[in-house]
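Scope of the values below: all heavy atoms of this structure, side chains included, with no hydrogens, waters or symmetry mates.
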Amino acid sequence: MEVTNDNCCSWVKDLIPRTNVKTLQLNEDCQWLVIGAGYTGLSAARKLGQLHPNQRIILVDAQLAGEGASSRNSGYLVDTTLNDGFTSNKELDNYKKKADIYELGINIVKKFINEHQVDCDWNECGKYFASSKKEDEKILRNFSDTLTKLDFEHNLLSNNELSKRLGTNFYNIALHTKGGVLLHPGKLVRAMVDVLPKNVCLYENSSLISWNKTKDIISCEFKNGKINTKKIIFATNGFLKSLGIKSNYNFPITLTASMTRPLTDDEFKTIGQPEEWGVLPVRPMGATIRMTKDKRILIRNTAEVHNPFKMKKSDLEMRSINQRIGIKKRFSQLPEDIIQSSWSGVVSRTRNSSQIFEKIDNNVFVAGCYNGSGIGVGTLFGEQIAIKASEENTKEIEIIEARNKPTWLPPQPFLDLGVKTRLIYERLRARSEI
């Protein structure tokens with residue numbers, strides 16, 4: 001698994017480059033090995049370090065720690081998701097189980113930033129599910145009924161109120177939920193790198209080539225070395241399938257985003273000087289839009305079955321053009337050349353939007369597949385899979401394991417064909433929202 005670092009992401013560019021990067025160069029032995037240093041892997045390694053202070057723990061990532069999908073997302077710490085929320089009443093119990101997991105995720109991230117005094121632009125401003133299509137009011141009213149039954153504080157908003165809050169009259173209807181949080185994902189994940197326990201050894205830019213298990217020893221081959229371990233946790237999320245982990249239950253999706261430069265004072269005045277906000281689409285392939293604390297606009301309006309290891313510069317530029325159009329549709333008064341950077345990132349999906357959290361073999365554990373909600377859930381699952389692998393139990397594990405399990409996926413080429421067909425269908429349904 002060879003993954004390339006790049007400097008395209010605005011969130012990453014905001015950070016001071018680290019100078020303490022180590023790459024695996026020799027053969028190593030350890031009691032614990034964690035593969036993947038995003039929210040999940042960092043959380044797992046941190047918890048293992050606390051639980052086993054006298055044991056050797058190695059954390060490895062194919063690129064720079066935290067600079068994959070963890071710092072490339074849109075920075076939403078979600079309390080609710082809409083695409084499960086307008087189901088019938090018979091699905092209410094399953095939706096409640098998923099919402100309970102989201103709540104645990106918010107709480108664990110909040111505990112982390114309070115404990116370590118992390119400045120990650122934390123803002124408990126909630127989020128909007130918004131649409132320009134008046135006919136989507138029915139979807140949002142059904143969603144409102146679901147949230148009311150589950151005692152989620154929320155309210156429906158029409159065009160005039162939205163225009164005042166968002167600085168654009170593009171949207172005709174929205175539902176605002178008050179429990180969500182907006183933050184700077186790069187700052188949060190960097191803090192997780194910085195506070196790793198002393199008995200955790202972090203190797204970066206070290207790609208896992210293959211792994212096998214002989215009796216109770218797991219052997220992992222890397223480009224420049226080999227690690228033998230007694231227990232292993234896979235936390236590679238969008239790259240689980242490429243490593244052969246639960247490959248019939250998850251698949252990667254490549255998302256692309258762009259961010260503008262900070263708006264000038266005059267530009268900000270033309271859109272009404274709104275407070276920070278975040279909009280998620282009502283329709284699955286619509287655009288995610290954020291106005292950040294420092295007056296930048298983020299847009300994500302593509303999701304594709306694409307090579308997860310690298311998006312060519314020419315491909316990225318084509319998607320950036322589409323995102324410039326999306327910003328212009330919402331803020332026609334802003335300049336054409338306002339986008340400062342564009343980047344891609346990989347998320348992991350399951351057929352029924354459930355997560356992976358389990359022991360898959362003796363001493364082999366996996367957590368991942370967050371279906372686009374990885375900040376809180378990934379942090380939670382990392383901590384709890386470390387506890388589960390340590391043969392302990394918690395109320396959080398009981399809540400996680402009460403969820404619906406991921407369902408089986410068809411083999412290739414049928415899987416890619418099915419996913420691509422569905423994405424095209426959803427893209428057509430949401431074309432006015434891009």
Side-chain angles (χ1 to χ4, degrees), residues 1-3 34-44 61-63 65-78 81 83-84 98 101-102 105 185 189 207-208 211 232-257 284-285 288 300 302-311 343-358 360 364-382 384-385 400 403-412 415-416 418-420 422-423 426:
M1 187 177 74
E2 194 74 37
V3 185
V34 180
I35 304 295
Y39 290 117
T40 304
L42 289 163
S43 183
D61 200 279
Q63 57 189 122
E67 295 191 12
S70 290
S71 57
R72 292 167 174 269
N73 66 62
S74 299
Y76 290 73
L77 189 50
V78 300
T81 53
N83 294 331
D84 298 294
K98 184 169 286 191
I101 290 173
Y102 293 147
V189 76
S207 299
L208 177 60
W211 68 281
I232 189 168
I233 294 174
F234 287 99
T236 54
N237 201 29
F239 298 97
L240 287 173
K241 190 176 183 70
S242 65
L243 291 173
I245 308 296
K246 299 290 290 184
S247 55
N248 290 329
Y249 293 87
N250 74 99
F251 60 93
I253 291 289
T254 298
L255 307 180
T256 309
M285 288 293 289
T288 294
R300 196 281 303 156
T302 62
E304 303 168 277
V305 178
H306 190 279
N307 179 353
F309 298 104
K310 181 71 175 175
M311 180 174 281
W343 64 90
S344 64
V346 181
V347 298
S348 185
R349 302 284 315 210
T350 56
R351 188 174 189 172
N352 61 343
S353 296
S354 189
Q355 307 94 356
I356 295 172
F357 179 93
E358 63 186 270
I360 59 172
V364 181
F365 299 82
V366 58
C369 212
Y370 307 119
N371 302 283
S373 303
I375 297 178
V377 182
T379 303
L380 170 71
F381 275 39
Q384 297 302 314
I385 200 69
I400 291 169
R403 79 202 185 288
N404 280 358
K405 305 303 185 289
T407 51
W408 182 84
L409 291 164
Q412 299 290 12
L415 175 59
D416 274 3
V419 173
K420 287 178 180 178
R422 181 59 185 263
L423 290 177
E426 295 292 356

Q. Residues in side-chain hydrogen bond (donor to acceptor under 3.5 Å, both in side chains) with Gln355, at least two apart?
A. none

Q | From Ile245 atom CD1 to Phe239 atom CZ, the distance as rounded to the nearest 0.5 Å | A | 14.0 Å

Q. Got a donor-acceptor contact below 3.5 angstrom from the Glu67 side chain to the Ser71 backbone?
A. no

Q: With sequence neighbours left out, write down each residue that passes side-chain hydrogen bond (donor to acceptor under 3.5 Å, both in side chains) with Asn248, or none if nothing qualifies.
A: none

(Q) Main chain of Cys369, side chain of Asn237: is a donor-acceptor contact present, judged purely on distance under 3.5 Å? (A) yes

Q. When you measure from the side chain of Tyr39 to the backbone N and O of Ser70, does any donor-acceptor pair fall under 3.5 Å?
A. yes

Q | Heavy-atom closest pair, residues Pro252 and Val346 | A | CB-CG1, 3.8 Å

Q: Indicate the atoms forming the closest heavy-atom contact of Ile233 with Ala44, along with that distance.
A: CD1-CB, 4.4 Å

Q.
The criterion is salt bridge (charged side-chain N to carboxylate O under 4.0 Å, His left out); which residues satisfy it with Arg351, sequence neighbours excluded?
A. none

(Q) Taking Tyr249's backbone N and O only, do any of them form a donor-acceptor pair with Thr350's side chain (distance below 3.5 Å, no angle check)? (A) no

Q. Do side-chain atoms of Lys405 reach the backbone of Arg403 as a donor and acceptor pair under 3.5 angstrom?
A. yes

Q: List in chain and number order the residues that pass salt bridge (charged side-chain N to carboxylate O under 4.0 Å, His left out) with Lys246, two or more places apart in sequence or in another chain; answer none if no residue qualifies.
A: Glu358

Q | Leu380 side, atom CG; Ile101 side, atom CD1 - distance, nearest 0.5 Å | A | 7.5 Å

Q: Rounded to the nearest 0.5 Å, what's the gap from OG1 on Thr81 to CG on Asn371? Could you check?
A: 9.0 Å

Q | Residue list, side-chain hydrogen bond (donor to acceptor under 3.5 Å, both in side chains) with Thr288, at least two apart or on another chain | A | Arg300

Q: Enter the distance from Ser344:OG to Glu304:CD here, rounded to the nearest 0.5 Å.
A: 9.0 Å

Q: Hey, could you give me the OG1/CG distance between Thr236 and Asp61, rounded to the nearest 0.5 Å?
A: 9.5 Å

**Q.** Any donor-acceptor N/O pair, Thr40 side chain to Gly378 backbone, under 3.5 Å
**A.** yes

**Q.** salt bridge (Lys or Arg N to Asp or Glu O under 4.0 Å) contacts in which one or both residues fall within residues 232-241, not counting sequence neighbours
**A.** none

Q: Keeping to residues at least two apart or across chains, list the salt bridge (Lys or Arg N to Asp or Glu O under 4.0 Å) pairs with something in residues 364-382.
A: none

Q) Ignoring hydrogens and geometry, is there a side-chain-to-backbone donor-acceptor pair from Asn73 to Val347 under 3.5 Å? A) no

Q: Measure the shortest side-chain to side-chain distance between Ile253 and Val305 over non-hydrogen atoms and say whether it is less than 4.5 angstrom.
A: yes

(Q) Test of understanding: with ring pair (Phe, Tyr, Trp, His ring centres under 6.0 Å), list the residues that count as partners of Phe381, not counting sequence neighbours. (A) Phe357, Tyr370

Q: State which residues pass ring pair (Phe, Tyr, Trp, His ring centres under 6.0 Å) with Phe234; sequence neighbours excluded, sorted by chain then number.
A: Trp211

**Q.** Any donor-acceptor N/O pair, Ser354 side chain to Asn404 backbone, under 3.5 Å
**A.** yes

Q: Ignoring hydrogens and angles, tell me if any N or O in the side chain of Arg422 forms a donor-acceptor pair with the backbone of Val419 under 3.5 Å.
A: no

**Q.** Any Leu415 side-chain heavy atom under 4.5 Å of Gln412 side chain
**A.** yes

Q. If you measure from CG on Asn352 to OG1 on Thr407, what distance do you get to the nearest 0.5 Å?
A. 4.0 Å

Q) Does Thr256 have any side-chain hydrogen bond (donor to acceptor under 3.5 Å, both in side chains) partners at least two apart in sequence or in another chain, and if so, which? A) Thr302

Q: Could you pull out the closest heavy-atom pair between Ile360 and Val366, with the gap in Å?
A: CG2-CG1, 3.6 Å

Q. Taking it one step at a time, do Lys98 and Ser373 satisfy side chain to side chain contact (heavy atoms under 4.5 Å, CB included)?
A. CA-CA 11 Å; Lys98 184 169 286 191; Ser373 303; over 6 Å; no

